[in-house]
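For reference, the structure is listed below as structure tokens.
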Amino acid sequence: MRRLLGRPELGALLGAVAVFAFFSVAADAFLQASSFSTVLYASSTFGIMAVGVSLLMIGGEFDLSAGVLVTTSALIAALVSYQLTLNVWAGVVVSLVLTLLLGMVNGLLYVNTGLPSFVVTLATFFMLAGANLGVTKAVTGNVATDSVRDMDGFDSARAVFASDVDLAGVNVNVTVFWWLLLVAAATWLLLRTRTGNWIFAVGGAAASARAVGVPVARTRIGLFMGVAFCAWLSGMHLVFAFATVQSGEGVGNEFFFIICAVIGGCLLTGGYGSAIGAAIGAFIFGMTNKGIVYAEWNPDWFKFFLGAMLLIATVVNLIVRRRVERAP
């Protein structure tokens, strides 16, 4: 029982059960298969990013550029494919390389300057937001990219990044499966590999970790690149789900990713958390987002409920952790 109470995702799991039960009663449509599929889709679109963000937070750092980086990766794929009249898969590959490079730049700037990751990635946030708009308008003359729907390779790329899979008569978006795969991979990385030990050590006590031979700088750079990879995957879904990308999208989403991770048990101070907890946090986010709609409430209250859940989850995790630490 003590080990169970010490798990970072316990508070999120209890919260998810409570939210699920609440909306099951408050909204008749919530339990319908098609409605629940929509909830899973909403959860997955934020859950994919929450995986990378949670690992970075366990490592003790933040990435405030994560929201606009999703849009940047989508814009790169769309602009490269359309403007150079290439197969869209060429744009996908170029986007992957450049997005990972941006993540590496974030990591290198943080490691080499010694500035807080908050400051470094806040600067990157503003630069990317400005570049997204400026480059898109300069190239297309508009704030959005041209549609890539009729280009070579679109159908196959859409099947990978944005298709629906029929499960017992219910359409489930492929992002749900990508999300679950990332959660499984991240959990294995954290709990079954030496790299996972490094991540916890770096987030818990970087100086001590460095003293025993942990490659602190390399681990941190890798974590920023992990966020970038998740941003690329989310960006590819954005491109092939809608065929065009608005250059101003993504601003503010980084806070939602952090909220999912914190609700899932990740500490703001680092060294504690789990990918499973972040997934549960994203599921709570999706249930609240869609549950308010199904209950026919005023959606203006969504952020109020989200903030309340963030506060409650943080307090519950703090209380549980303190009791576990005091237990003999």
Side-chain angles (χ1 to χ4, degrees), residues 45-76 95-136 182 186 198-200 202-204 206 209 215-235 238 245 247-264 266-273 275 278 281-282 285 310 314:
T45 54
F46 284 89
I48 288 172
M49 285 302 300
V51 172
V53 169
S54 66
L55 294 185
L56 182 62
M57 289 182 64
I58 293 170
E61 308 303 336
F62 296 92
D63 189 346
L64 296 182
S65 67
V68 293
L69 190 57
V70 173
T71 306
T72 300
S73 67
L75 288 171
I76 291 172
S95 176
L96 174 60
V97 172
L98 293 181
T99 304
L100 289 176
L101 182 61
L102 288 171
M104 185 172 67
V105 168
N106 267 342
L108 287 171
L109 285 173
Y110 168 69
V111 168
N112 292 322
T113 62
L115 292 171
S117 57
F118 176 90
V119 175
V120 172
T121 57
L122 182 61
T124 309
F125 162 82
F126 283 113
M127 288 189 290
L128 288 178
N132 288 349
L133 179 60
V135 172
T136 304
L182 282 176
W198 291 349
I199 293 171
F200 281 110
V202 168
V216 174
R218 193 172 70 194
T219 301
R220 284 171 168 165
I221 293 171
L223 289 173
F224 279 104
M225 293 182 70
V227 173
F229 176 79
C230 293
W232 169 78
L233 186 57
S234 296
L238 191 64
V245 184
S247 59
E249 289 188 25
V251 176
N253 284 348
E254 57 279 348
F255 296 109
F256 293 142
F257 307 148
I258 293 173
I259 286 172
C260 291
V262 173
I263 290 176
C266 293
L267 293 182
L268 297 175
T269 52
Y272 187 79
F285 181 94
L310 173 63
T314 304

For this session: Evaluate the side chain to side chain contact (heavy atoms under 4.5 Å, CB included) criterion for residues L108 and F224: first the C-alpha distance (whole Å), next the side-chain angles of each, then the deciding distance (0.1 Å), finally the verdict.
Result: CA-CA 9 Å; L108 287 171; F224 279 104; over 6 Å; no
Looking at side-chain heavy atoms only, is the closest gap between [X] and [Y] below 4.5 Å?
X    : Y    : value
L233 : L182 : yes
L100 : F229 : yes
L101 : V97  : no

Between [X] and [Y], which heavy-atom pair has the shortest distance, and what is it?
X    : Y    : answer
A278 : S54  : CB-CB, 3.6 Å
V227 : A66  : CG1-CB, 4.0 Å
F125 : V68  : CE1-CG1, 3.7 Å
S73  : W232 : OG-CA, 3.7 Å
L223 : G59  : CD1-CA, 3.9 Å
M57  : C266 : CE-CB, 4.3 Å

Report the distance from atom [atom1] of [X] to atom [atom2] of [Y], rounding to the nearest 0.5 Å.
X    : Y    : atom1 : atom2 : answer
L55  : T219 : CG    : OG1   : 12.0 Å
L102 : M225 : CG    : CE    : 10.5 Å
N253 : T45  : CG    : OG1   : 8.5 Å
D63  : T121 : CG    : OG1   : 5.0 Å
I76  : L96  : CD1   : CG    : 10.0 Å
L69  : C230 : CG    : SG    : 10.5 Å

Exercise. E61 pairs by side-chain contact (heavy atoms from CB on, under 4.5 Å) with which of L56, V202, V120?
Worked result: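 Going through L56, V202, V120 one by one, the side-chain contact (heavy atoms from CB on, under 4.5 Å) with E61 is satisfied by L56 alone.
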For this session: From the options V262, I258, I48, I259, select the one residue that forms a side-chain contact (heavy atoms from CB on, under 4.5 Å) with V53.
Result: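 Of the listed residues V262, I258, I48, I259, the side-chain contact (heavy atoms from CB on, under 4.5 Å) partner of V53 is I258.
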Problem set entry | Working for side chain to side chain contact (heavy atoms under 4.5 Å, CB included), residues L75 and V135 | CA-CA 9 Å; L75 288 171; V135 172; over 6 Å; no
Exercise. Between the side chains of N132 and T72, is a donor N or O closer than 3.5 angstrom to an acceptor N or O?
Worked result: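 Short answer, yes.
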Problem set entry | N106 side chain to S65 side chain, donor-acceptor N/O pair below 3.5 angstrom |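 Yes.
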For this session: Before giving the answer on ring pair (Phe, Tyr, Trp, His ring centres under 6.0 Å), spell out for F118 and F62 the whole-Å C-alpha distance, their side-chain angles and the decisive distance to 0.1 Å.
Result: CA-CA 6 Å; F118 176 90; F62 296 92; 7.5 Å; no
Exercise. Between the side chain of E254 and the main-chain N/O of G252, is any donor-acceptor distance below 3.5 Å?
Worked result: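 Answer holds: yes.
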Problem set entry | Step-by-step side chain to side chain contact (heavy atoms under 4.5 Å, CB included) determination, I58 to Y272 | CA-CA 5 Å; I58 293 170; Y272 187 79; over 6 Å; no
